[in-house]
Amino acid sequence: MIIRTSVHQTHFLIPQEDHPQGPESNFRLREQVCVSLIKQCKNLEEFKQAHAQILKFGMFWSSFCANNLVATCALSDWGSMDYASSIFQQINEPGSFAFNHMIRGHVKDMNLEEALLMYDEMLELGVEPDNFTYPTLLKACANLPALEEGMQIHGHSFKLGFEDDVFVQNSLINMYGKCGEIGLSCAVFEKMEQRTVASWSALIAAHANLGLWCECLEIFGEMSREGCWRVEESVLVNVLSACTHLGALDLGRCTQGSLIRNMSGLNVILETTLIDMLAKCGSLDKGLFLFQRMAKKNKMSYSVMISGLAMHGHGREALKVFSEMLEQRLEPDDVVYVGVLIACSHAGLVEEGLQCFERMKSEHGIVPTVQHYGCIVDLLGRAGKLNEAYEFIKNMPMEPNDILWRTLLSACKVHQNVEMGKIAARELFSLNLNNASDYVVMSNMYAQAQMWHEVAKIRKEMVSKGLTQIPGFSLVEVKRKVYKFVSQDKSYPQCQGIYEMIHQMEWQLRFEGYSPDTSQVLLGVDEEERRQRLSSHSQKLAIAFSLIHTSQGSRVRIVKNIRMCSDCHTYTKFISTVYEREIIVRDRNRFHRFKDGSCSCRDYW
DNA sequence: ACGATAGACC
């Protein structure tokens, strides 16, 4: 029980007879005084004084005091790991408590390797790790990320009998998730006998990390069904993010509703995620409303608002928000600038975009990444400045990637410049990515130019390379459920009704002057077959389904994985008049809001 | 003394 050496008790000034319970109680009292001295420190200066006092009174030899010194110095906001290390080194035989806190301090400072080295030292000295050691170590492995070390540490914790510790298990789910090992995350989760909110949260985050959005929502549903419905910010952030990616506005709004009901305030992260969800699910006005009322905006809040406006083609407003950000003295980073440049390119603001690009380099000292170059190629290309775009690529200080050439190629297709298109395609195909949709774009361009011989050549090449196109799909949410439509798919229920509706729609549209644009349909030689394929594009199926299952006058929202074809664009404009519906489509790049026969993109896309 | 969250070129 008495570990302290009796020698140091000679320092005590209080006479022993005043303490009927003996020297042990006296010592305890002094320890308490020291700890409260440490706890009162508000900065490193005060702390150093407390440290000096403790040394002076010989209380450093109390491991209780020494441990407290290390812990406080390592973990306080004002702390210093250098100073904590110097104290730590003075401890005669540090135990797991001191080691744990040193490890935590290093993790807090993001000196993750240092944390792992500390653990090595701990093992070498024969100090036995405890249940508090492993969660911290696993966090270090998660943030590095370091799978090998993580697995080793997993093994160690298992050997020491901590495999049933819920904190260790939660940390393991998190660590495997951050290392991209989703299977291992799930395996740990499955084996758990008791789960806490943190376990669910870590599992959802692991799926979000890999972009497995549907799974995120499924797990969230399961979590709620199991009665684990406590409102947890980190869970909701991932759920909202999943809604953003899937375009599930209703579910997102539903989540927002539960936020409002169950929380007294939203933190910046949650609020930013919510705004992002609203903007990217087609409810830009609501996102903007929340953004304007936000009490504390940071760089990220501005960033999501700028790219949200950009996606809707509101270039001028995006630039306004950007200058507001600068007025607030928030320093833009490279990602913010990507948003700004997209805003310019989608709104056709060529001069402004080029100016922003220069400003980014000169005023904010940001070295452009390949993404920024991509934005400029898009900016020039969309505006029909194809030669400039090509020159721009040639003068880049880095190797252009496939996306750049693809951007140029689609611009060539839009502006029907076959010669430049050939150049872009040559460069793109030389990268040997064997991306079927690249060949399709090229072939469509030839088809538009009526160069049938070339179309056939591309087609042959595709066959010989065994390339098949990833099918385009359209998602539509009806009554909080997301439905997926794939072109020409006839396998889903109610299929009959949808195709009847398609037939009816087309018949009505023709009265208004619509005629199908079959020039870009790659397959099917005869006109009838082409028309068939065109009319069963996934977007049209999704529209038909929505018109059947939603009430008259309500908005239709569709999310696509590819760019909209020009026929679907024209078609949807007609639908918006004939059926008096507002139809909002998020394609791969941006939003199109169809109303009264016209689209918000003003046919610039 | 334990888990933890956001934005990006086609």
Side-chain angles (χ1 to χ4, degrees), chain A residues 67-68 71-72 74-75 96-97 100-101 103-104 107 130-139 142-143 162 165-175 177-178 195-206 208-209 232-241 244 267-277 279-280 298-308 310-311 332-342 345-346 368-379 381 400-411 428 435 437-438 441 561-563 587-590:
Chain A
N67 281 341
N68 252 291
T72 308
L75 299 183
S96 62
F97 184 96
N100 290 347
H101 282 87
I103 294 172
R104 274 188 71 194
V107 173
D130 59 23
N131 55 320
F132 293 110
T133 315
Y134 288 103
T136 319
L137 282 175
L138 290 169
K139 185 176 172 179
N143 291 343
F162 298 123
D165 183 294
V166 74
F167 289 104
V168 173
Q169 290 168 320
N170 290 348
S171 308
L172 282 169
I173 298 172
N174 178 49
M175 184 274 292
K178 290 267 167 65
R195 294 170 184 140
T196 61
V197 196
S199 326
W200 290 98
S201 168
L203 191 70
I204 290 175
N209 186 32
E232 173 99 352
E233 285 177 348
S234 68
V235 172
L236 294 173
V237 165
N238 282 318
V239 168
L240 282 174
S241 188
T244 308
N267 68 18
V268 196
I269 298 177
L270 202 40
E271 209 167 1
T272 302
T273 314
L274 182 58
I275 292 169
D276 193 34
M277 184 278 290
K280 295 218 174 79
N298 64 17
K299 186 168 69 185
M300 293 284 218
S301 330
Y302 278 97
S303 186
V304 300
M305 200 66 253
I306 290 167
S307 52
M311 272 190 93
D333 61 12
D334 53 334
V335 183
V336 173
Y337 262 108
V338 170
V340 171
L341 296 177
I342 299 170
S345 79
H346 286 189
T369 65
V370 70
Q371 296 172 352
H372 297 108
Y373 288 103
C375 294
I376 298 293
V377 172
D378 193 40
L379 179 83
N401 62 8
D402 55 318
I403 297 177
L404 264 95
W405 293 121
R406 197 170 293 134
T407 307
L408 183 62
L409 178 61
S410 359
L428 183 56
N435 192 337
S437 57
D438 294 338
V441 172
N561 65 333
I562 52 172
R563 248 169 119 167
D587 76 3
R588 201 196 169 88
N589 299 331
R590 60 166 297 152

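Note that the coordinates shown come from a computational prediction; the quantities given were computed from them, not determined experimentally.
- Among the protein residues, A:T273 comes within range of the sugar-phosphate backbone only, with heavy atoms under 4.0 Å from sugar or phosphate atoms but none that close to a base.
- The base of B:dA6 sits with one of its N or O atoms less than 3.5 Å from a complementary donor or acceptor on the side chain of A:N298.
- The distance between atom CG of A:L408 and atom C1' of B:dC9, rounded to the nearest whole Å, is 14 Å.
- An OP1 or OP2 oxygen of B:dA4 is reached within less than 4.0 angstrom by a side-chain nitrogen or oxygen of A:N174.
- No contact: A:Y337 has no heavy atom under 4.0 Å from any strand.
- Distance, A:L409 CG to B:dC9 P: 19 Å, rounded to whole Å.
- For A:V338, the side-chain atoms get nearest to B:dA8 when compared with the rest of B:dC10, B:dA1, B:dA8.
- For B:dG3, neither phosphate oxygen OP1 nor OP2 lies less than 4.0 angstrom from any side-chain nitrogen or oxygen of A:K178.
- Note that CG of A:N170 is 12.5 Å distant from CE of A:M175, once rounded to the nearest 0.5 Å.
- Among the atoms of the strands shown, base atoms are found under 4.0 Å from some heavy atom of A:V335.
- Of the possible polar contacts, none joining the A:S201 side chain to the A:V197 backbone as a donor-acceptor pair under 3.5 Å is found.
- Within the nucleic acid shown, A:D402 has no heavy atom closer than 4.0 Å to any nucleic acid atom.
- To the nearest angstrom, P of B:dA6 lies 14 Å from NZ of A:K299.
- Remark: A:D333 engages A:K299, A:V335, A:V336 in a side-chain contact (heavy atoms from CB on, under 4.5 Å) (not counting sequence neighbours).
- The nucleotide whose nearest atom lies closest to any side-chain atom of A:E232 is, among B:dG7, B:dA6, B:dG3, B:dG3.
- Atom CZ in A:R590 sits roughly 15 Å away from atom C1' in B:dC9 (whole-Å rounding).
- In this structure, the CG atom of A:N589 is 13 Å from the C1' atom of B:dA8, given to the nearest Å.
- A:K139 places its NZ atom 5 Å from the P atom of B:dA4, with the value rounded to the nearest Å.
- Among the candidates A:T273, A:N238, A:N267, the single residue satisfying the side chain to side chain donor-acceptor pair (under 3.5 Å) test with A:E233 is A:N267.
- Note on A:T407: only backbone sugar-phosphate atoms sit closer than 4.0 angstrom, heavy atoms only; bases stay farther off.
- Closest to the side chain of A:I403, out of B:dA1, B:dT5, B:dC10, is B:dC10.
- When each of B:dA8, B:dG3, B:dA1 is scored by its nearest atom to the side-chain atoms of A:I342, the top-ranked nucleotide is B:dA8.
- The distance from atom CD of A:E271 to atom P of B:dT5 is 19 Å, rounded to the nearest whole Å.
- Comparing B:dC10, B:dG7, B:dT5 by their closest approach to the side chain of A:S410 singles out B:dC10.
- Put simply, the side chain of A:N401 gets close to the backbone of A:L404: a donor and an acceptor are under 3.5 Å apart.
- Within 4.0 Å of A:V370, counting heavy atoms only, lies at least one base atom of the nucleic acid.
- Nucleotide B:dC9 holds its C1' atom 12 Å from the CZ atom of A:R563, rounded to whole Å.
- Residue A:V235 is classed as having no contact, given no heavy-atom separation below 4.0 Å to the nucleic acid.
- Minimum atom distance to the side chain of A:H346 is reached by B:dC10, of the listed B:dA8, B:dC10, B:dA1.
- The side chain of A:N100 places no N or O atom within less than 4.0 Å of a non-bridging phosphate oxygen (OP1 or OP2) of B:dA1.
- Of the candidates B:dG7, B:dC10, B:dT5, the closest approach to any side-chain atom of A:S303 belongs to B:dG7.
- By the side chain to side chain donor-acceptor pair (under 3.5 Å) test, A:T133 pairs with A:N100, A:D130, sequence neighbours left out.
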Quick one: do A:N298 and A:S301 satisfy side chain to side chain donor-acceptor pair (under 3.5 Å)? Show the steps, please. CA-CA 5 Å; A:N298 64 17; A:S301 330; 2.9 Å; yes

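- When each of B:dG7, B:dT5, B:dC10 is scored by its nearest atom to the side-chain atoms of A:R406, the top-ranked nucleotide is B:dC10.
- In this structure, the nucleotide among B:dG7, B:dA8, B:dC10 sitting nearest to the side chain of A:M300 is B:dG7.
- In this model, the phosphate group of B:dA8 is approached by a side-chain N or O of A:K280 to a distance below 4.0 Å at OP1 or OP2.
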